[in-house]
Every structure is written in structure tokens, then in C-alpha cells.
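Step one of this worksheet: look at the structure below.
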Amino acid sequence: MKNINKKDIKKALNYGLFGAYLFIIISLIFAAVIINMWWFKLIGGLYLIYLGINHFLKTQKE
């Protein structure tokens, strides 16, 4: 860290913050689109049921 200029550190922090905000915005838009897909919720629910059943079957075997 001592070899890096303060100007470059500030630039890197700004790019990092901008990238983080951009990623959050893209993730929220993606989540909003996925929430409106009924078949995606159905697949997710079935997967959660599978995980629950699989968890309890594995604990009974052990």
C-alpha cells in the first residue's frame, strides 16, 4: 500500500464504489424480473421441498 499514490487509491475507491452501486442496481432489476416469473417460483419451491426432504432423510441414515 505504501507504493501506491494517493491519487490512484482515490481513483480505485471511486471505481469500486461505482461498480458496487452498478452491481446492486443490476441485481435489483434482475430480482424484480425473476419475481414475476411464476414458473421460476414453482421450480424454486420444489427445490426447497427437495432440500428439506433430503436433509431429513440424510440425518435418519446417519
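This is a predicted model, so every value here is computed, not measured.
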Donor-acceptor contacts under 3.5 Å from residues 14-26 side chains, at least two apart:
unit_1 : atom_1 : unit_2 : atom_2 : d
Asn14  : ND2    : Lys10  : O      : 3.3

**Prompt:** Between CG of Asn36 and NZ of Lys41, what distance do you get to the nearest 0.5 Å?
**Reply:**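 The CG atom of Asn36 sits 7.0 Å away from the NZ atom of Lys41.
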**Cluster companions of Ile34 among Ile, Leu, Val, Met, Phe, Trp, Tyr (side-chain spacing under 4.5 Å)** =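 Members alongside Ile34: Phe30, Val33, Met37, Trp38, Trp39, Phe40, Leu42, Ile43, Leu46.
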**Request:** Spell out, yes or no, whether Tyr50 and Phe56 are grouped together once hydrophobic residues are joined by side-chain heavy atoms under 4.5 Å, including indirect joins.
**Result:**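 No, because Tyr50 and Phe56 fall into different hydrophobic clusters, even though each may have its own neighbours under 4.5 Å.
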